[in-house]
Amino acid sequence: MPVMRNFVLALILLCRLNDLQSQSYSFRHYQVENGLSNNSVMCSLQDKMGFMWFGTKDGLNRFDCYMFKNFRKTPEAKGSIGNNFIHSLYEDEQGMLWVGTS
């Protein structure tokens with residue numbers, strides 16, 4: 001009886017391992033051609049609203065699962081980001097996005 005129980009346990013384990021190996025993953029690659037401001041992404045963050053934010057060597061990018069919106073330094077615009085080289089991103093408890101630049 002113990003031999004049969006061990007055989008059944010081994011069979012169940014092999015079936016579960018086969019299930020784990022058969023999972024497929026899908027990845028989508030986004031580049032400048034897709035609207036990203038630069039292919040070198042330095043940091044990323046998903047905010048409380050579900051937007052994905054990417055800090056690159058040439059600006060801040062917001063992705064809504066369909067398209068990118070780019071934010072770059074505009075000297076004449078009040079409230080513009082300080083520099084296009086984005087090092088870090090942080091969202092505080094109030095949902096404010098903090099952007100670390102050069």
Side-chain angles (χ1 to χ4, degrees):
M1 194 62 143
V3 172
M4 182 58 123
R5 183 177 52 198
N6 290 342
F7 175 74
V8 170
L9 288 173
L11 187 61
I12 291 171
L13 180 62
L14 286 174
C15 290
R16 294 302 300 157
L17 287 175
N18 189 35
D19 288 343
L20 293 174
Q21 292 174 352
S22 65
Q23 292 178 355
S24 63
Y25 296 97
S26 174
F27 292 96
R28 192 172 270 176
H29 298 273
Y30 293 100
Q31 297 179 330
V32 172
E33 295 81 17
N34 306 109
L36 193 62
S37 64
N38 189 284
N39 287 334
S40 296
V41 174
M42 309 307 288
C43 55
S44 63
L45 174 125
Q46 183 172 14
D47 70 13
K48 294 175 182 175
M49 301 287 291
F51 291 111
M52 291 295 301
W53 294 86
F54 300 97
T56 72
K57 290 183 175 183
D58 189 28
L60 178 64
N61 301 262
R62 186 186 73 187
F63 185 63
D64 65 2
C65 295
Y66 298 103
M67 59 189 302
F68 287 95
K69 180 171 181 172
N70 301 320
F71 301 89
R72 289 191 175 92
K73 180 180 180 175
T74 308
E76 63 275 359
K78 186 177 180 178
S80 175
I81 60 175
N83 191 295
N84 288 331
F85 198 114
I86 311 299
H87 289 279
S88 57
L89 297 169
Y90 174 75
E91 183 181 20
D92 65 19
E93 294 81 23
Q94 289 78 32
M96 178 73 71
L97 183 66
W98 294 83
V99 181
T101 66
S102 291

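Predicted model only: the values in this text are computed from it and were never measured. For the single chain, residues carry numbers from 1 onward in sequence order.
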Considering all heavy atoms, the nearest [X]-[Y] contact:
| X | Y | result |
| --- | --- | --- |
| L45 | Y90 | CD1-CA, 4.0 Å |
| E91 | K48 | OE1-N, 3.1 Å |
| R72 | S80 | O-OG, 3.4 Å |
| T56 | S37 | OG1-OG, 2.9 Å |

Cluster link [X] to [Y], ILVMFWY, side chain under 4.5 Å:
| X | Y | value |
| --- | --- | --- |
| W53 | F63 | no |
| M42 | F54 | no |
| V99 | M49 | yes |

Whether the side chain of N84 engages the backbone of K73 through a donor-acceptor N/O pair (distance < 3.5 Å, no angle test) should be reported.
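Yes.
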Answer yes or no: is there a donor N or O on one side and an acceptor on the other, between the side chain of D47 and the main chain of G95, under 3.5 Å?
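No; zero donor-acceptor contacts below 3.5 Å.
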If you apply the rule side-chain contact (heavy atoms from CB on, under 4.5 Å), what do you find for H87 with C43, and how did you get there?
CA-CA 6 Å; H87 289 279; C43 55; over 6 Å; no
Atom CG of L97 and atom CG of D92: how far apart are they, to the nearest 0.5 Å?
9.0 Å
Kindly compute the distance separating CG (N38) from CD1 (I86), expressed to the nearest 0.5 Å.
11.0 Å
In sequence, state the C-alpha distance, the side-chain angles, and the governing distance for Y30 and F68, and then conclude on ring pair (Phe, Tyr, Trp, His ring centres under 6.0 Å).
CA-CA 10 Å; Y30 293 100; F68 287 95; 5.7 Å; yes
If you apply the rule side-chain contact (heavy atoms from CB on, under 4.5 Å), what do you find for L89 with L60, and how did you get there?
CA-CA 10 Å; L89 297 169; L60 178 64; 3.6 Å; yes
